[in-house]
Structures are given as C-alpha cells and as structure tokens.
Student: 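Here it is, the structure, as structure tokens.
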Amino acid sequence: MRLHYCPDTDSLYVELRARPGAETREVSDGLNVDLDAAGNVIGFDIDHASKRLDLSTLETEALPVHSARMS
C-alpha cells in the first residue's frame, strides 16, 4: 500500500494495489474509487485532502508490516 499526496491539487491517493485502473467511480463528492478490469478496488482518490483529513500524522495498528519506507 502506498500513499501519494499532491500538494498542487491537495489530493491524496491511497494505492492498494499497483495495477492499471480500468474504471473510476465517484462514491461521494470528492471521493473516487479506482477499479481494475476485474472490478477489484485498487485505490482511492480524496480531493481537498488537507481540509478533510489530518495529514500531519500517520498511524498504523496491528498491521503485519515487514518493512516501511519514508520518502
């Protein structure tokens, strides 16, 4: 899983799987879900992310993570 923040557009993309998208569905105003060709969710795009979310902290709980990178 990867988090991509674009300050120019103030959008946060949560990439669940690194696969090509086949379809994007707007599930609510400013929240889009990307699907692959099989209909599986591969990511979420959140518009105006800094107004909707606290982007200053990232916390995880009970994830089976073997490594983490910050870039």
Student: Among residues at least two apart in sequence or on other chains, which ones pass side chain to side chain donor-acceptor pair (under 3.5 Å) with Asp47?
Tutor: none

Student: Any link between Leu3 and Tyr5 through a network of hydrophobic side chains (Ile, Leu, Val, Met, Phe, Trp, Tyr) touching at under 4.5 Å?
Tutor: yes

Student: Using 0.5 Å steps for rounding, measure from the CD atom of Glu26 to the CG atom of Asp45.
Tutor: 10.5 Å

Student: What I'd like to find out is whether the side chain of Ile46 reaches to under 4.5 Å of the side chain of Ser11, using heavy atoms alone.
Tutor: no

Student: Hydrophobic clusters here meaning ILVMFWY residues chained together by side-chain heavy-atom distances under 4.5 Å, can you tell me if Phe44 and Leu35 are in one?
Tutor: yes

Student: Among residues at least two apart in sequence or on other chains, which ones pass side chain to side chain donor-acceptor pair (under 3.5 Å) with Glu23?
Tutor: Arg25

Student: Quick one: side chain to side chain donor-acceptor pair (under 3.5 Å) partners of Asp29, sequence neighbours excluded?
Tutor: none

Student: Determine whether a donor-acceptor pair (N or O, by modelled atom type, separation under 3.5 Å) exists between the side chain of Asp10 and the backbone of Ser50.
Tutor: yes

Student: I'd like to check Val41 versus Leu16 (side-chain heavy atoms, cut-off strictly below 4.5 Å). Are they in contact?
Tutor: yes

Student: Please report the interatomic distance CZ(Arg17) to CD1(Ile42), rounded to the nearest 0.5 Å.
Tutor: 9.0 Å

Student: Would Asp34 and Glu15 satisfy side-chain contact (heavy atoms from CB on, under 4.5 Å), going step by step from the backbone distance to the final call?
Tutor: CA-CA 9 Å; Asp34 288 336; Glu15 179 184 319; over 6 Å; no

Student: With a 4.5 Å cut-off on side-chain heavy atoms, are Val27 and Asn32 touching?
Tutor: no

Student: For the NE2 atom of His4 and the CZ atom of Arg2, what is their distance to the nearest 0.5 Å?
Tutor: 5.5 Å

Student: Please walk me through it: do Leu12 and Leu53 pass side-chain contact (heavy atoms from CB on, under 4.5 Å)?
Tutor: CA-CA 10 Å; Leu12 177 68; Leu53 307 167; 3.8 Å; yes

Student: Any side-chain heavy atom of Met1 within less than 4.5 Å of one from Val14?
Tutor: yes

